[in-house]
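Here's the structure, in structure tokens; my notes come after.
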Amino acid sequence: MSDPVVPSGAALWWSGARPRTLVAAIVPVAVGAATAVGASSDAQWWRAGAALVVALALQVGVNYANDYSDGIRGADGRDRTGPLRLVGSGLVSAQVVKRAAIGAFSVAGVLGALLALVVGPELFVVGVCCLIAGWAYTGGPRPYGYRGLGEVFVFVFFGLVATIGTNYALSEELDGLAASAGAVVGLWATALLVINNLRDIPGDTAAGKITLAVRLGDARTRRLFAVLQVLAMAVAVIITVMTGRFAAAALVGLPFAVQAVRAVRRGAVGVELVAVLGATGRVQLIAGLSMALGIALSG
């Protein structure tokens, strides 16, 4: 059997950015913008583009920071299953990856500051919290991602904050629809992390990285994944019933969610869970964009 082809150059950095997770940055911005339909003028829609770049830069920054921090802590062995890690594989030095993370965070900070100058200083506070939380996930002396709190970070920042923040940047108002839709987005984003951590239970346990999956164990983590998928779809339907905005369009992604849940419940492990991670990303992308479209068209 031949050795797998190792990417180089731009392809290496793209792989290290973990592109399958970037949907977690795209969907909340789309949903947040959809909830602002009818509340903002055409002149303000450039802000949605800026918010998207901020979200993507934050996601890439978190991924590189995670790669760096896990690499120097020894949590990413060369024999790990899953996406390529730059530091853990030995292909890129830790300091270079650290500078890449800082660069991505800087892009998010600069564009976020521009939005704050236009919208209001409250966005500065939100932006600073995002940057600190992104680095402290696996970095610093007491990373909360090593204490089973990573899912909380993802739900809050890549669900509620990103969705509500996008809506606020466009409408300059706080909106209950954005908050409830952000909860749905957060559940999908959390499911992505749950699958990632389920796959990594053996390696994380050996490295002393106590994720929520390590705390719960294999069986309960699998059940949690199923609950997250069901709850996300249920909340989308409830939003439709309560507000008249067609968030239930998210059900378009239900067949893909069922496929992912079945694979997890059947006991998928290792590389099989890499495929489930991709399927989970497709659930969020298809269901999330469908929900955004449904909300926008019914606004």
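Side-chain heavy atoms closer than 4.5 Å link hydrophobic residues (I, L, V, M, F, W, Y) into clusters, and following such links, even through other members, never connects V230 to I195. L293 and V23 fall into different hydrophobic clusters, where Ile, Leu, Val, Met, Phe, Trp and Tyr residues are linked whenever their side-chain heavy atoms come under 4.5 Å apart, directly or through other members. F124 and W135 end up in different hydrophobic clusters when Ile, Leu, Val, Met, Phe, Trp and Tyr side chains are linked at under 4.5 Å. Grouping the Ile, Leu, Val, Met, Phe, Trp and Tyr side chains by contacts below 4.5 angstrom, directly or via other members, places V237 with V184. Put simply, V194 and M233 are part of the same group of oily side chains (I, L, V, M, F, W, Y) that touch within less than 4.5 Å, one to the next.
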Stepwise side-chain contact (heavy atoms from CB on, under 4.5 Å) test for V283 and Q259: CA-CA 10 Å; V283 172; Q259 180 184 20; over 6 Å; no
Derivation and outcome, side-chain contact (heavy atoms from CB on, under 4.5 Å), residues V214 and K209: CA-CA 8 Å; V214 171; K209 183 177 180 180; over 6 Å; no
Intermediate values then yes/no, side-chain contact (heavy atoms from CB on, under 4.5 Å), N196 and R18: CA-CA 11 Å; N196 185 76; R18 305 182 73 181; 2.6 Å; yes
Derivation and outcome, side-chain contact (heavy atoms from CB on, under 4.5 Å), residues W46 and L115: CA-CA 10 Å; W46 66 268; L115 280 174; 4.3 Å; yes
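Looking at Y168 and L174, their side chains come closer than 4.5 Å, going by heavy atoms from C-beta outward. Put simply, the side chain of V87 does not reach to within 4.5 Å of the side chain of V92, judged on heavy atoms. Taking 4.5 Å as the limit, every side-chain heavy atom of N167 sits out of range of all side-chain heavy atoms of I164. Side-chain contact between R223 and R265 is present, with heavy atoms from C-beta onward closer than 4.5 Å. By the 4.5 Å heavy-atom criterion applied to side chains, N197 and L212 are not counted as neighbours. When side chains are defined from C-beta on, T166 does not count as touching R47, because their heavy atoms never get closer than 4.5 Å. Inter-residue side-chain proximity for T21 and N63 is flagged as met; some heavy-atom pair is nearer than 4.5 Å. With a 4.5 Å cut-off on side-chain heavy atoms, T240 and R245 do not count as touching.
Between G253 and A287, the shortest heavy-atom distance links the atoms CA-CB, 4.1 Å. In this structure, G281 and L192 approach most closely via the heavy-atom pair N-CD2, 3.6 Å. Of all heavy-atom pairs between I239 and A247, the closest is CG2-CB, 3.7 Å. Nearest heavy atoms, P143 versus G140: CD-O, 3.5 Å. What you find for A55 and V29 is that their closest heavy atoms are CB-CG2, 3.8 Å. Considering all non-hydrogen atoms of both residues, A30 and A292 come closest at O-CB, 3.7 Å.
Between F153 and Y137, the angle of the ring planes stays under 30°, which puts this pair in the parallel group of the 30/60° scheme.
The distance from atom CD1 of I286 to atom CE of M291, rounded to the nearest 0.5 Å, is 14.0 Å. Atom CG in L277 sits 9.0 Å away from atom CG in L273 (nearest 0.5 Å). The line from CG of L231 to CG of L187 is 5.0 Å long, rounded to the nearest 0.5 Å. To the nearest 0.5 Å, the span separating CZ on F158 from CG on L58 amounts to 6.0 Å. Between the OG1 atom of T205 and the CG atom of D200 there is a distance of 10.0 Å, given to the nearest 0.5 Å. Atom-to-atom distance recorded for L193:CG and T211:OG1 is 8.0 Å, nearest 0.5 angstrom.
At most 12 heavy atoms of other shown residues, nucleotides or ligands fall within 6.0 angstrom of atom CZ in R262. Within a 6.0 Å sphere centred on CZ of F155, heavy atoms belonging to other residues, nucleotides or ligands number more than 12.
D175 contributes a side-chain N or O that, together with a main-chain N or O of A178, makes up a donor-acceptor pair within less than 3.5 Å. Under the 3.5 Å distance criterion, the side-chain polar atoms of Q229 are left unmatched by any main-chain donor or acceptor of A226. For the pair R20 (side chain) and V274 (backbone), a donor-acceptor distance under 3.5 Å is present. Without hydrogens or angle criteria, S69 side chain to N66 main chain gives no donor-acceptor distance under 3.5 Å. The backbone N or O of L160 lies less than 3.5 Å from no partner atom in the side chain of T163, so there is not a single donor-acceptor pair. At distances below 3.5 Å, at least one donor-acceptor pair connects side-chain atoms of D67 with backbone N or O atoms of L86.
T138 and D70 share no donor-acceptor pair across their side chains, judged by distance under 3.5 Å alone.
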Can you give me every donor-acceptor pair (side chain of residues 97-109, partner residue at least two apart or in another chain, under 3.5 Å) with its distance?
from : atom 1 : to   : atom 2 : distance (Å)
S106 : OG     : I102 : O      : 2.7

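Checked against salt bridge (Lys or Arg N to Asp or Glu O under 4.0 Å), R222 has the following partners two or more places apart in sequence or in another chain: D218.
Under the 6.0 Å distance and 45° angle rule, R73 does not count as a cation-pi partner of Y68.
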